[in-house]
Novice: 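One structure, pasted below without further comment.
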Number of protein chains: 2
Amino acid sequence: MMTTGGGLREASRRAVRSCIAETAEALFIARGFEETTVDEIAAAVGMSQRSFFRYFASKDDVILDNLSRFGADLAAAVGARPAEEPEWDSLHRAFGLVVERFADRERREHEAAVQRIIEGSPRLLAAYLQRLDRIQQHLTEELMGRAAAGPGPAPDRMVMRAMVGSAFACLHAAVSHIAADGDPERFEQHLERAMAALRPAGIGLASSEPS
Amino acid sequence: MMTTGGGLREASRRAVRSCIAETAEALFIARGFEETTVDEIAAAVGMSQRSFFRYFASKDDVILDNLSRFGADLAAAVGARPAEEPEWDSLHRAFGLVVERFADRERREHEAAVQRIIEGSPRLLAAYLQRLDRIQQHLTEELMGRAAAGPGPAPDRMVMRAMVGSAFACLHAAVSHIAADGDPERFEQHLERAMAALRPAGIGLASSEPS
DNA sequence: TCCGGTCCGTCAGCGACTGCCAGTCTTTTG
DNA sequence: CAAAAGACTGGCAGTCGCTGACGGACCGGA
């Protein structure tokens, strides 16, 4: 029999996942990431270590799982922007998803704590940056497709990739800043300031590669 | 007894390190990174696994060791630039170190192969991005100190961090591009094109944070 | 000669992660 | 209702990266 389309089974799985994630994050905040073993997490949830790895591919995955979903949402947000809009502004608007995440005071506190955990562990930070890199690749392809459909000359994939990376540098700088120095109230202002300062001059940025 | 200031002992150590690195890279190219175990590397060099870890802190370190030295060189190159020069241009000139690395045909081939190994393994790519992040932090501090000594207003660390990240996005895009599509001849042109397109409009970028 | 330091190999161990097998519980089917 | 099929789980053993502790070999100087 085929799957029923993601019914009860999938819902249950998602519930278990979030339960594991919450328990693990609590342990991470209390004892630190490296100091918390997978066995401890599994014991705290009440399952075997083997089952833990049936829900999360790795220990890092428990924290960075949200990021993957964020990547998909971001690509959708960029795709929803008008095609005539300069790419930089589309990215800027799409980053509004992050701003929304920092809207609630409670959620803001939590996100900042998670970010501090990530930047406090070299292993986690590495995995985090790698996922950001993947998201950037997806966004680059998204914008490449959009630019190719437009009237201008053929877009330059390398320059597009650099621009997406530049926008993410602004995002990363703003997130890191509020995670380190506290005061997460003005996250939007920080992001705004960085993206205004680094806005590329030639916003059209076409000029196909001289082959 | 104190160290003699880095004499024969250090030279020998460096020789062993490069021997290990060469052997390991050959194995990585032949069999892949994940498929090559530390035991195999140690056996190929003719030493125990324990001794391997006395020369390299981790398996990743074998490949990414050059990167750390590159970070130090880069900071020095930026520090050697005139203080009045816009930060973006100082970074651009400092990236000349990478351009030089791609000058020799043989070396260029090798660097591209290493880059392909890095980007082919998620684990390695993560560690690579993390080291790039550290280098960016160092460069940010370097440029912050330079800007603080100048006549202008107090510089904004977050914006400075974003700008350094943007410059590295250009560098990363150019390096990735030649590693993927081959044709490493025009690396300098690629880098030039990206950095010209993403050059910030307000190059002075002071405007201290509104506290 | 003895002594200090340095280098190395061996062993034991931890933690992340995986494959395999067996058991349970639920759902479907004859 | 019983049997088969499937999903989920725990336990076990094993790999791999990595670390600490111990003991032996070499080598310079006193």
Side-chain angles (χ1 to χ4, degrees), chain A residues 1-21 23-24 27-28 31-65 117 121-128 130, chain B residues 1-21 23-24 27-28 31-65 117 121-128 130:
Chain A
M1 171 182 140
M2 295 286 292
T3 60
T4 56
L8 274 72
R9 278 281 143 66
E10 286 301 320
S12 167
R13 179 178 172 82
R14 246 176 299 162
V16 176
R17 277 177 67 96
S18 59
C19 171
I20 296 175
T23 308
L27 287 174
F28 291 156
R31 278 183 255 179
F33 180 77
E34 317 271 8
E35 289 72 22
T36 306
T37 68
V38 176
D39 290 277
E40 288 170 349
I41 301 171
V45 184
M47 58 169 49
S48 69
Q49 191 214 47
R50 194 64 187 85
S51 284
F52 170 89
F53 283 109
R54 286 194 176 99
Y55 285 96
F56 289 96
S58 68
K59 189 179 160 187
D60 308 343
D61 228 37
V62 181
I63 289 193
L64 301 179
D65 182 49
I117 293 176
S121 160
R123 181 155 158 46
L124 252 187
L125 178 59
Y128 169 75
Q130 189 225 350
Chain B
M1 169 180 131
M2 295 286 293
T3 61
T4 56
L8 274 73
R9 280 282 141 67
E10 285 302 320
S12 166
R13 179 178 172 82
R14 247 175 299 163
V16 175
R17 278 177 67 94
S18 59
C19 172
I20 296 176
T23 308
L27 286 176
F28 290 156
R31 277 183 255 179
F33 180 76
E34 316 272 8
E35 290 72 21
T36 306
T37 68
V38 177
D39 289 279
E40 287 171 349
I41 301 172
V45 184
M47 59 169 49
S48 70
Q49 191 214 50
R50 193 63 186 85
S51 283
F52 170 88
F53 283 110
R54 286 193 176 101
Y55 285 96
F56 290 96
S58 69
K59 188 179 161 187
D60 307 343
D61 228 37
V62 181
I63 289 193
L64 302 179
D65 180 51
I117 293 177
S121 160
R123 182 157 158 44
L124 251 187
L125 178 60
Y128 169 75
Q130 188 224 352

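In this text, all values refer to a predicted model and were calculated from it rather than measured experimentally.
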Novice: Rounded to the Å, how far apart are B:K59 NZ and C:dA16 P?
Specialist: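 It works out to 18 Å between those atoms.
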Novice: Using every non-hydrogen atom in the two residues, find where B:E35 and B:E40 come nearest and quote the distance to one decimal.
Specialist: O-OE1, 3.8 Å
Novice: Do you know which two heavy atoms are closest between B:E34 and B:K59, and how far apart they sit?
Specialist: O-NZ, 4.0 Å
Novice: From CZ of A:F56 over to P of D:dT9, roughly how many Å is that when rounded to an integer?
Specialist: 13 Å
Novice: Side-chain contact, heavy-atom cut-off 4.5 Å: A:F52 with A:V45?
Specialist: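 A side-chain contact is absent here, since even the closest heavy-atom pair is not under 4.5 Å.
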Novice: With rounding to the nearest 0.5 Å, note down the distance linking CG in A:L64 to CD in A:Q130.
Specialist: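 The distance works out to 9.5 Å.
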Novice: Tell me the interatomic distance from B:E35, atom CD, to D:dT15, atom P, rounded to whole angstroms.
Specialist: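 Rounded to the whole Å, the gap is 17 Å.
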Novice: Atom OH in B:Y55, atom SG in B:C19: separation rounded to 0.5 Å?
Specialist: 10.0 Å
Novice: Round to a whole Å and report the spacing from CG of B:D39 to C1' of D:dG14.
Specialist: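 Result: 14 Å.
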Novice: Looking at B:Y55, does any N or O in its side chain come under 4.0 Å of the phosphate oxygens OP1/OP2 on C:dC7?
Specialist: no
Novice: Taking only nitrogen or oxygen atoms into account, show me every contact under 3.5 Å that the protein makes with nucleotides 10-13 of chain D, one pair per line with its distance.
Specialist:
residue	atom	partner	partner atom	Å
D:dG10	OP1	A:S48	N	3.4
D:dG10	OP2	A:S48	N	3.2
D:dG10	OP2	A:S48	OG	2.9
D:dG10	OP2	A:S51	OG	2.2
D:dG10	N7	A:R54	NH1	3.2
D:dG10	O6	A:R54	NH2	2.6

Novice: Between atom CZ in A:R13 and atom C1' in D:dC8, what is the gap in whole Å?
Specialist: 11 Å
Novice: Nearest whole Å is fine: how far is D:dG17 P from B:D60 CG?
Specialist: 10 Å
Novice: Between A:T36 and A:L27, which heavy-atom pair has the shortest distance, and what is it?
Specialist: OG1-O, 3.6 Å
Novice: Does a side-chain heavy-atom distance below 4.5 Å link B:V38 with B:F53?
Specialist: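 SC-SC contact between B:V38 and B:F53 confirmed.
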Novice: Where do B:D60 and B:A127 come nearest, in terms of heavy atoms and distance?
Specialist: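 That closest heavy-atom pairing would be OD2-CB, 3.8 Å.
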Novice: Whole angstroms only, please: what is the CD-P distance between A:E34 and D:dG17?
Specialist: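 In whole Å, D:dG17 P lies 18 Å from A:E34 CD.
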Novice: Where each pair must be Watson-Crick or G-U wobble with both distances under 3.5 Å, what dot-bracket representation of DNA chain D is obtained, with crossing pairs in [ ] and other-strand partners as |?
Specialist: ||||||||||||||||||||||||||..||
Novice: Is the backbone N or O of B:I117 less than 3.5 Å from a side-chain atom of B:S121, with the two atoms forming a donor-acceptor pair by type?
Specialist: no
